[in-house]
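Step one of this worksheet: look at the structure below.
Keep in mind that this is a model prediction, so the values were computed, not measured. Below, all heavy atoms of this structure are taken into account, side chains as well, without hydrogens, waters or symmetry copies.
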Amino acid sequence: QVQLVESGGGLVQAGGSLRLSCAASGSSFSINVMAWYRQAPGKQRELVAIIRSSSRQSYADAVKGRFTISRDNVKNTVYLQMNSLKPEDTAVYYCYASPGAYWGQGTQVTVSP
């Protein structure tokens, strides 16, 4: 019903920036919440940032002040601007949408020291 496709991951040095994008295709009329999660090796998947249809945003403490989530409701796309990246930000980043609990396939972000 809904497919989420992430892009923008890659390799970056500490202190650098990346912008992740997640485009929703298919029927997205019921999507109210979009979010970014990440999962590092050996760790559980954790919520990074969440944005609602009203553009209300919430962030994990670890990324506050460095990451910004935004969305374009016309394009059905959510973004994650990541600045001042740290090696501990290295993870696979997943796009999420609900209701429906849709997940993207993930995009790798690697931050070198």
Problem - CA sep, side-chain torsions, deciding dist, call: Gln108, Thr90, side chain to side chain contact (heavy atoms under 4.5 Å, CB included) - result: CA-CA 8 Å; Gln108 177 71 48; Thr90 296; 4.0 Å; yes
Problem - CA sep, side-chain torsions, deciding dist, call: Ser58, Arg52, side chain to side chain contact (heavy atoms under 4.5 Å, CB included) - result: CA-CA 9 Å; Ser58 297; Arg52 295 166 174 82; 4.1 Å; yes
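Residues Ile69 and Val78 meet the side-chain proximity criterion, which asks for heavy atoms closer than 4.5 Å. Between Met82 and Val48, the closest side-chain pair of non-hydrogen atoms is not below 4.5 Å. Put simply, the side chain of Ile31 does not reach to within 4.5 Å of the side chain of Asn76, judged on heavy atoms.
Pairs engaging residues 83-113 under the ring-ring contact (aromatic ring centres under 6.0 Å, His included) rule: Tyr37-Tyr96, Tyr37-Trp103, Tyr96-Trp103 [sequence neighbours left out]. Applying the disulfide bond (SG atoms under 2.5 Å apart) test to every pair with at least one member in residues 31-70, sequence neighbours left out, gives no pairs at all. Each ring-ring contact (aromatic ring centres under 6.0 Å, His included) pair with one or both residues in residues 41-92, not counting sequence neighbours, would appear here, but there are none. Judged as a disulfide bond (SG atoms under 2.5 Å apart), the pairs with a partner in residues 54-106 (not counting sequence neighbours) are, in order, Cys22-Cys95.
The two residues Ala40 and Ala91 have their closest heavy-atom pair at N-CB, 3.8 Å. Shown here for Ala35 and Leu47, the closest heavy-atom pair between the two residues is CB-CD1, 3.9 Å. Nearest heavy-atom pair across Gln39 and Lys43 is NE2-O, 3.1 Å. Across all their heavy atoms, Ala24 and Leu4 have their closest contact at CB-CD2, 3.6 Å. Residue Pro87 comes nearest to Pro113 through the heavy atom pair CG-CA, 3.9 Å, listed as atom of the first residue, atom of the second, then distance. The minimum heavy-atom distance between Ser17 and Gln81, with the atom names listed, is CB-NE2, 4.0 Å.
To the nearest 0.5 Å, atom CZ of residue Arg38 and atom CZ of residue Arg45 are 13.0 Å apart. The line from CG of Leu80 to CE of Met34 is 12.0 Å long, rounded to the nearest 0.5 Å. From Ile51, atom CD1 reaches atom CG of Asn32 across 12.5 Å, with rounding to the nearest 0.5 Å.
Evaluated for a side-chain contact (heavy atoms from CB on, under 4.5 Å) with Leu18, the options Asn83, Leu85, Leu11 yield exactly one hit, Leu85.
Remark: Gln105 CD is loosely packed, at most 12 non-hydrogen atoms of other residues, nucleotides or ligands lying under 6.0 Å away. Applying the 6.0 Å contact sphere to CD of Gln13 captures no more than 12 heavy atoms from other residues, nucleotides or ligands.
Every residue two or more places apart in sequence or in another chain that forms a salt bridge (charged side-chain N to carboxylate O under 4.0 Å, His left out) with Lys64 is listed here: Asp61. Under the salt bridge (charged side-chain N to carboxylate O under 4.0 Å, His left out) criterion, Arg66 pairs with Asp89, sequence neighbours left out.
There is no path of hydrophobic side-chain contacts, each under 4.5 Å, that joins Ile50 to Val2.
A donor-acceptor distance shorter than 3.5 angstrom exists from the side chain of Glu6 to the backbone of Gly106, with no hydrogens or angles considered.
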